[in-house]
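The structure under discussion appears below in the form of structure tokens.
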Amino acid sequence: MFFRIILVFAISIIFSVSGITQELTKLRYLPHWLPQAQFAGYYIALEKGIYEKYGLDIEIQTGGPICPSISELKKNKCDIVSMFLSGAIKSENKGVKLVDFCQLSKRSALMFISKKKSGITKLEDLNGKKIGIWRSDFQELPRGFLKKYNIDATIVPITSTVNLFYYDGVDVLCVMWYNEYHQLLNFGINVDELDVFFFTDYGLNFPEDGIFCTEEFYKNNEKACQNFAKATLEGWEYAFEHKDESIALVIKYMQEANVPANIPHQKWMFNRMHDVFILGNDKLNGELLEEDFLKTAKILLECGKINSIPDFDDFNKTLQK
Amino acid sequence: MKLFTIRNKGITFKYSISILSATIIVFCLFLVYNYNISKKILLENVEKNAKNLTVSKVNEIEGVLKADQKIPETQKSILQNFNLSTIELFKLMKMTVETNHELFGNCIAYEPYSFYKDSLYFSPYYFKSGDSIDYENLGNENYQYFFWDWYQIPKELNRAFWSEPYYNEGGGGVIMCSYSVPFYYNEDGKLKGVVTVDISLKWLEKIISEIKIYETGYAFLISGNGTIITHPLEKFVLNETIFSIAEENNIPNLREIGRDMIGGNSDFVEYTSVMTKEDGWLFYAPMKSTGWSMGVFIPNNELFADLYSLNHKLLIMGVLGVLLLLFLIIFISHKLTNPLKRLAKITQTIGVGNFNVEIPFLSNSSKEIAQLGNSITKMQKELRNYIKNLKDTTAAKEKIESELKIAHDIQQGIIPKIFPPFPEREDIDLYAVLNPARDVGGDLYDFFFLDDYRICFTVGDVSGKGVPASLFMAITRTLLRAKTNKDVSVNKIVEEINNDLCQGNENSMFVTLFIGILNAKTGIVEFCNAGHNYPYILRNNNKLECVKETHGTPVGIFENMKYKSGKFKLSKNDTVVLYTDGVTEAMDIENNLYTDERLLKLLTDIKDHNTEKITNTIIDDVKDFVGEADPSDDITILALTYFLKKNITENIKKTLKLVNDISELDKLVSFIEEMAGDWKIQDKDVFNINLVLEEIISNIIFYAFEDDSEHEIIVEVDYHENNLEIMIEEDGKAFNILDVPAPDHLKADVEDRKIGGLGIHFVKKIMDKIEYKRIGDKNQTFLYKKL
């Protein structure tokens, strides 16, 4: 009897120890921008050992304007990237075929804003104006918007800040709802001094942030990728339940990366990520819906960014919710 | 001296409260006013100083910045007007960086294909690196400078542009700021490129941090979009904008301040520092050249430190002053109340009867207190005298009262008090009561027997009350007893009493008097009413009669007044009730009178002829009527009830003595009546006897005497076994009745008759036998009749 107890005890120790000595899959994840609340879930998942729980050893790299996701992937500087769905769909044209194994964002956060004093109140007023659009991976979306509504305006590419718009260098600016919009509020512009045009209100509701890797990489590391997706979702869940802790962690990452950081702006961004990831009464999940895929691909096709719409099943590696 | 005694609470307390309250209020008002005025003045000064400080610093900073602006502007002029070669350009730039120590770097960036026709990017950049100056060509695929703020904004805005400050090396290092100036082709005004200088703002930090505003005051700088450039709180710098700080700390008015600052305005506002949490004031002024704004925070506690300290000092002084005032009040009122207290105690002692207590000489008190002391001393003396007088007066009064008491007893002793007065007699019952209004009074009653069968009863009322009336009453009563005997008629008694009372009656006092003499044999009462209340007779059939007869004025008024008399007959069980006007004029508390009517009614209802009961009934009814009121007059009631005697009195000789006056005939009548009553003589015989004796006695009176002097006529009557014998004796001239002839003409007229004939005829006719004797000088006529 006593011997049997010792045996059971020993076996369980061996298994747990083996669990520890079992090798963690190393993965390098590159966020598609500088550290900010947009990536809170990843930071939390790492900090709270969720990745580790799923057998992953994750390195979160510092993204930003100087290291665009696709080129880094190409250079094999990273394994997993996050980017806009649109960017991933058209990546094949850039020589990299990507698969989506976690579609976090369910809706578009893009918007055009203009100052009320510039006299733009409705879409038609955009005609003949200077519109600032980010030189980014997803600039076909705002361009598609303008095309759809036959707006003839001067597009001014924006790279670094909203200051050009702030100092009235452009009349309209295409911004992220969770980022630059609030940034402008933090520059002293009052909400009632701005006119907004949400992409979602104008039939251009394209989901954005998703987690991608190359098709090849996925074939070889399917389990790890799925674990990464699961862990990331779990990380986001925890983050949404522990807002202040998450924001504090984000600020820590930002300070380490010498990125200007303040709590109000990160709080705003964090809350908007929640709105973007979770629609209505849904639970947080990483499923990609075919209709979202198709309408995004369609606009890319119209802008000539892709020649054909990729196969959905090839592309979609997300788990059903 | 006990300063802290609370026993002086009265005056001290009141004065303390009111004076102190007033003082405190005035002081508080003064303090508040002083504080507010001082604060206002201080703030005005502070604002002025802050303004001066801020503006001077702003000017200082702008001075430097403006100087720095000159560098790229100069370069712009050169680049626009001269076509420099690459070498010349580089030389220019290198030299610029070398010679300007605050310059960190200098970059001249060209539009695509602008410098070199085949080169998209051309942006040489000279910068300080350690001790030397390095070079770099900025533009490449990865750094397309066209779209960066320092290039794009001046390009799009077509003007020079101060960039937002940034860190030199990604988050660390030095804060830098770039000034970019666009330059153009002279020919067509198209943009050629942008000249930029990078300036370290370290010196700026130094200037700002040198700004000393007390200990906890500070200055800060914000950029054109509100980003914090310099701030004592390091973590704010380049991380926060003034608006993000406002959002994080939930201070809406800070957002407004930020907008105002960015708007290029200047103001002096109340503000609570986010960093120090202190309340204070914020002055801000714009830096026009860069679009920045500088704010200077002045904490209240330091700003108003002197004011607060002054206020504290004033407050402490005030409190001390108030305390001093309090002590002063206590001291003064103590000084005031002490002698007052002492005087109060002394007055109390006087109040309980000690008139000899020493009153202290309060010389050291105020005039008013000394006056009070003198008044009390005087009062004490007066009280002493008054008490002594009172004592004397009281002693005198007591003496008089005791004498009055004796007088009362004497007066009560005068009137007969024993009831029933004649228990052995079965024919008369009498009860009387005299209640004087005061100790002694003027009412009187009296009753006494004149002889065996005749009782005199009297009720009288002297005018006035008290001792004078009682003395008069005593005199009256004495006179009554003296003047009354069985031979004197009742009216004569009254006349004599009247004459005596009129003598020496200086005070014109009088007495109403009722004297009645009851003949117990006949039941006839002879009475004289001299102005007295009409008595009542309660008949045995319970009918009530009022004897409404007066025979003259009250006694004591008119000398030699003639009084008449009256008569009434009592039957068995009849009761006479006499009273004074103390009964009928008794007053109740509302001064209503008892009235005759009430007495009449009361007596009407009486059935029982018990004199005591009757008297007490009247007394009780009067008492009921009077109630709580004081008695206004003496009350006297006398009730006499007559019962017929069972036995007939024995036949004794009766004698009557008369005087030769025609008025004496009344006595004769009474005599005969009495005789008739005693001997039970029939009325017919009584009539005849009356006739006979009247005739004879009149004849005697008129004709028997030749002189005017008084002569006596004696009538003796004897009756036994129905034989009546009358003897008349007088000492007139000889006259034999038998000698008178019979009247010759019986039928003749009365006037024609000769004197004496007819009367004598009747006498002879009526009497059975007549005899005449002359004894000495006396005539004796004998008349006999068998009845």
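Just the heavy atoms: all of them, side chains too, but no hydrogens, waters or symmetry mates, feed the values below.
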*Look at B:Glu256, B:Lys235, B:Glu240, B:Lys155 and state which one has the largest set of heavy-atom pairs under 4.5 Å with chain A.*
B:Glu240
*asked:* Strictly distance-based, threshold 3.5 Å: is any side-chain N or O of B:Ser244 a donor or acceptor partner for the main-chain N or O of A:Pro264?
replied: no
*Counting only heavy atoms closer than 4.5 Å, note whether A:Asn190 contacts chain B via side chain, backbone, both or neither.*
both
*Can you measure from OH (A:Tyr167) to CD1 (B:Ile153) and round to the nearest 0.5 angstrom?*
7.0 Å
*asked:* Taking side chain as everything from C-beta outward and backbone as N, CA, C, O, which of these in A:Ile189 sits under 4.5 Å from a heavy atom of chain B? Side chain, backbone, both or neither.
replied: backbone
*Do the non-hydrogen side-chain atoms of A:Phe187 and B:Thr241 ever get within less than 4.5 Å of each other?*
yes
_Counting only heavy atoms from other residues, nucleotides and ligands, does the tally under 6.0 Å from NZ of B:Lys277 exceed 12?_
yes
_Flag side-chain contact, heavy atom, 4.5 Å: A:Thr161 against B:Glu164_ = no
_For chain B, which candidate among A:Leu164, A:Leu185, A:Leu184 shows the most heavy-atom pairs at distances under 4.5 Å?_
A:Leu164
*asked:* Side chains of B:Gln144 and A:Thr159, heavy atoms from C-beta outward: is any pair under 4.5 Å?
replied: no
*chain A contact via B:Phe161 - which portion, at a heavy-atom distance below 4.5 Å*: side chain
*Whether B:Asn239 side chain and A:Asn262 backbone form a donor-acceptor pair below 3.5 Å*: no
_Among B:Val237, B:Asp149, B:Ile242, which residue has the highest count of heavy-atom pairs closer than 4.5 Å to chain A?_
B:Asp149
_Taking side chain as everything from C-beta outward and backbone as N, CA, C, O, which of these in A:Tyr166 sits under 4.5 Å from a heavy atom of chain B? Side chain, backbone, both or neither._
side chain
*Find out whether A:Val156 and B:Gln152 are in side-chain contact, i.e. whether some heavy atom of one side chain is under 4.5 Å from a heavy atom of the other.*
yes
_Closest-packed option against chain B by number of heavy-atom pairs under 4.5 Å, given A:Pro68, A:Ala261, A:Gly169_ = A:Ala261
_Main-chain N/O of A:Pro260 paired to B:Tyr167 side chain as donor or acceptor, under 3.5 Å_ = no
_Can you confirm whether A:Asp192 is buried at CG, in the sense that more than 12 heavy atoms of other residues, nucleotides or ligands lie under 6.0 Å from that atom?_
yes
*For chain B, which of A:His265, A:Lys130, A:Arg135 has the most heavy-atom pairs under 4.5 Å?*
A:Arg135
*What distance separates A:Ser160 OG from B:Tyr151 OH, expressed to the nearest 0.5 Å?*
14.0 Å
*asked:* Is B:Leu238 in contact with chain A via its backbone, its side chain, both, or neither, using a 4.5 Å heavy-atom distance?
replied: backbone
*Can you establish whether the number of heavy atoms outside B:Lys76 located under 6.0 Å from its atom NZ is more than 12?*
yes
*What part of A:Lys267 is in contact with chain B, defined as an atom under 4.5 angstrom from a non-hydrogen atom: side chain, backbone, both or neither?*
neither
*Interchain contact, B:Thr227 with chain A, by part (heavy-atom threshold 4.5 Å)*: side chain
_Nearest-0.5 Å distance, CG of residue B:Asn225 to CG of residue A:Asn186_ = 10.0 Å
